[in-house]
Amino acid sequence: MDSAGRWVLKEDDLLACCGSTKFAKQMAAISPFTDLHHAVQAAKDIWFNKVDVNGWLEAFSAHPQIGQSPSSSITTDTSAQWSKGEQSTAIATATSTTLQELTEWNAKYKQKFGFVFLICASGRSTAEILVELKRRYPNRPVIEFETAAQEQMKITELRLAKLFSANSSTAAAIGDQPASVAMKAHDRLNMINAHLISANVTPGESKSQVPKRNRPPITTHVLDMARGLPGAGIDVQLETWRGPEPCPQFPGSDSSCWTLVGSGKTDNDGRSNPLMNIVDAVSPGIYRISFNTGKYNPSCFFPFVSIVFQITESQKFEHFHVPLLLAPFGFSTYRGS
């Protein structure tokens, strides 16, 4: 800790939390952190908004397959030790049959997607992991890639909590911090380990309980599945419904009832620059996000693509990621976190 009582995290410590070199460098560059929450919010921003595809794959490769010894690409002893501990429940509950089945499914998964099956394994049995692996295996590669990134973030949160917990205990032992600090960090670790920390807020929670956002509540990115590349340079605009009716009617409504919220263009990673301001609570209502696909690819079947979605009162503290997946003969989308 520094003289102001803030947490100083070094690059090696952060590389043990997440195997992406870019992630570790950027986190270390903005250290120190006031508390665990501050570090987790910074980690989410860097991981989801600043680390590119290569960085995600680098982090994935730092993990061993479930049920196997730590990967040779793991760069720190701490990471190997944590990985072993996180898999302890799976190993303890494994039988020769389930372990063999897990090995076979791990191989099938890696052959299909090109990276190791990634899951926050802490507290999960071998049977539970097998069920999840089989459930995710039919996913399209782009969806599974983002799912794996979400699981990596869960692991990173868990390991950041371990760092804070260990450092709190050390500081309290030498008299730098009261014992209550270590206890609070330990409580946070238990909460994360039990998957009780969530980005969503239940209707009964007040605004003051909602963590400060580090990105706009509505974001998007484009992946060009035909080329296997991010969709760069695509014009994007976000609008909200302001018509006399509660929502637009199928097959169409007066276009003048849509109000522009913001516009942008996708970068080389396929992510759009901010389409709206960072606010704690997004206004409930009907939103439309549109992509100028015809300008991006003049031979495209769709001159443009618009996606209409609704945000309710109970969802106003959530984050809405609306990606567009361009395929040779169409497009698809899904609700991301």
Side-chain angles (χ1 to χ4, degrees), residues 44-45 48-49 140 142-143 146 199-201 203 207 210-227 229-337:
K44 288 181 177 179
D45 178 47
F48 290 114
N49 298 322
R140 288 172 294 168
V142 66
I143 294 179
E146 289 224 352
N200 297 339
V201 178
K207 180 178 177 179
V210 181
K212 294 290 184 180
R213 294 185 190 270
N214 52 31
R215 54 181 171 169
I218 300 174
T219 56
T220 187
H221 77 271
V222 181
L223 293 176
D224 188 336
M225 303 301 291
R227 301 176 183 177
L229 296 169
I234 298 179
D235 295 321
V236 185
Q237 69 176 27
L238 177 66
E239 301 166 287
T240 186
W241 175 254
R242 292 287 185 266
E245 304 90 3
C247 64
Q249 301 297 309
F250 180 84
S253 299
D254 188 353
S255 60
S256 65
C257 295
W258 289 99
T259 300
L260 182 67
V261 176
S263 59
K265 186 183 293 286
T266 57
D267 60 19
N268 290 335
D269 201 32
R271 299 182 183 276
S272 172
N273 57 294
L275 300 174
M276 63 187 305
N277 294 329
I278 298 177
V279 293
D280 289 341
V282 63
S283 299
I286 307 293
Y287 289 84
R288 180 171 71 179
I289 189 166
S290 301
F291 305 84
N292 193 352
T293 49
K295 182 179 178 181
Y296 170 73
N297 181 4
S299 63
C300 178
F301 182 75
F302 299 94
F304 68 91
V305 172
S306 291
I307 301 166
V308 179
F309 56 98
Q310 181 176 10
I311 299 176
T312 64
E313 178 70 24
S314 64
Q315 296 174 313
K316 64 183 181 181
F317 295 119
E318 295 183 27
H319 177 256
F320 299 86
H321 188 63
V322 188
L324 179 69
L325 314 178
L326 296 174
F329 303 105
F331 69 91
S332 63
T333 187
Y334 62 95
R335 161 76 194 281
S337 60

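Sequence positions, counted from 1, serve as the residue numbers for this chain. Atoms considered below: every heavy atom in the structure, side chains included; atoms not considered: hydrogens, waters and symmetry mates.
A side-chain donor-acceptor contact under 3.5 Å links Thr293 to the backbone of Phe302. Without hydrogens or angle criteria, Thr266 side chain to Gly233 main chain gives a donor-acceptor distance under 3.5 Å. Without hydrogens or angle criteria, Arg242 side chain to Ser256 main chain gives no donor-acceptor distance under 3.5 Å. With hydrogens and angles ignored, the 3.5 Å screen pairs no side-chain donor or acceptor of Ser263 with any backbone N or O of Val236. Checking side-chain atoms of Gln315 against main-chain N and O of Thr312 turns up a donor-acceptor pair under 3.5 Å. The closest donor-acceptor contact from the side chain of Asn277 to the backbone of Val279 lies at 3.5 Å or more, if one exists at all.
Taking all atoms of both residues into account, the shortest heavy-atom contact from Tyr296 to Pro230 is OH-O, 4.3 Å. Closest approach of Gly264 to Asn273, counting heavy atoms only: CA-OD1, 3.1 Å. Contact record, Pro284 with Lys316: CG-CB, 4.5 Å, taken as the closest heavy-atom pair. When all heavy atoms of Ser306 and Ser290 are compared, the pair lying nearest together is OG-OG, 2.7 Å. Closest heavy-atom contact between His319 and Pro216: CD2-O, 3.2 Å. Of all the heavy atoms in Val305 and Leu324, the pair that sits closest is CG1-CD1, 3.9 Å.
The OG1 atom of Thr219 sits 7.0 Å away from the CG atom of Asn49 when rounded to the nearest 0.5 Å. Summarising the geometry, atom CD1 belonging to Ile307 is positioned 6.5 Å from atom OG1 belonging to Thr220; distances are rounded to the nearest 0.5 Å. Remark: Ser272 OG to Ile218 CD1 distance equals 11.5 Å, nearest 0.5 Å.
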For this session: Decide side-chain contact (heavy atoms from CB on, under 4.5 Å) for Leu223 and His221; before the verdict, give the C-alpha distance in whole Å, the side-chain angles of both, and the deciding distance to 0.1 Å.
Result: CA-CA 7 Å; Leu223 293 176; His221 77 271; 3.7 Å; yes
For this session: Could you please spell out the steps behind the side-chain contact (heavy atoms from CB on, under 4.5 Å) verdict for Val282 and Met276?
Result: CA-CA 10 Å; Val282 63; Met276 63 187 305; 4.0 Å; yes
Exercise. Where do Arg140 and Leu325 land on the side-chain contact (heavy atoms from CB on, under 4.5 Å) test, with the steps shown first?
Worked result: CA-CA 11 Å; Arg140 288 172 294 168; Leu325 314 178; 3.9 Å; yes
Problem set entry | Ile286 and Val308: CA distance, side-chain angles, deciding distance, side-chain contact (heavy atoms from CB on, under 4.5 Å) verdict | CA-CA 7 Å; Ile286 307 293; Val308 179; 3.6 Å; yes
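Under the rule for a salt bridge (Lys or Arg N to Asp or Glu O under 4.0 Å), the partners of Arg288 that lie at least two apart in sequence or sit in another chain are Glu239. The salt bridge (Lys or Arg N to Asp or Glu O under 4.0 Å) search around Asp267 returns none, not counting sequence neighbours.
Ion pairing of Asp45 with Arg215 is absent here, as no side-chain N (NZ or NE/NH1/NH2) approaches a carboxylate O to less than 4.0 Å.
Residue Phe309 qualifies as enclosed at atom CZ: its count of foreign heavy atoms under 6.0 Å is above 12. When the shell of 6.0 Å around NZ of Lys295 is examined, it contains 12 or fewer heavy atoms from other residues, nucleotides or ligands.
Note: Trp258 and Trp241 have perpendicular aromatic rings, judged against thresholds of 30 and 60 degrees for the angle between ring planes.
Listed by first and then second residue, the salt bridge (Lys or Arg N to Asp or Glu O under 4.0 Å) pairs involving residues 298-307 amount to none (not counting sequence neighbours).
Between Tyr287 and Ile311 there is a side-chain heavy-atom pair separated by less than 4.5 Å.
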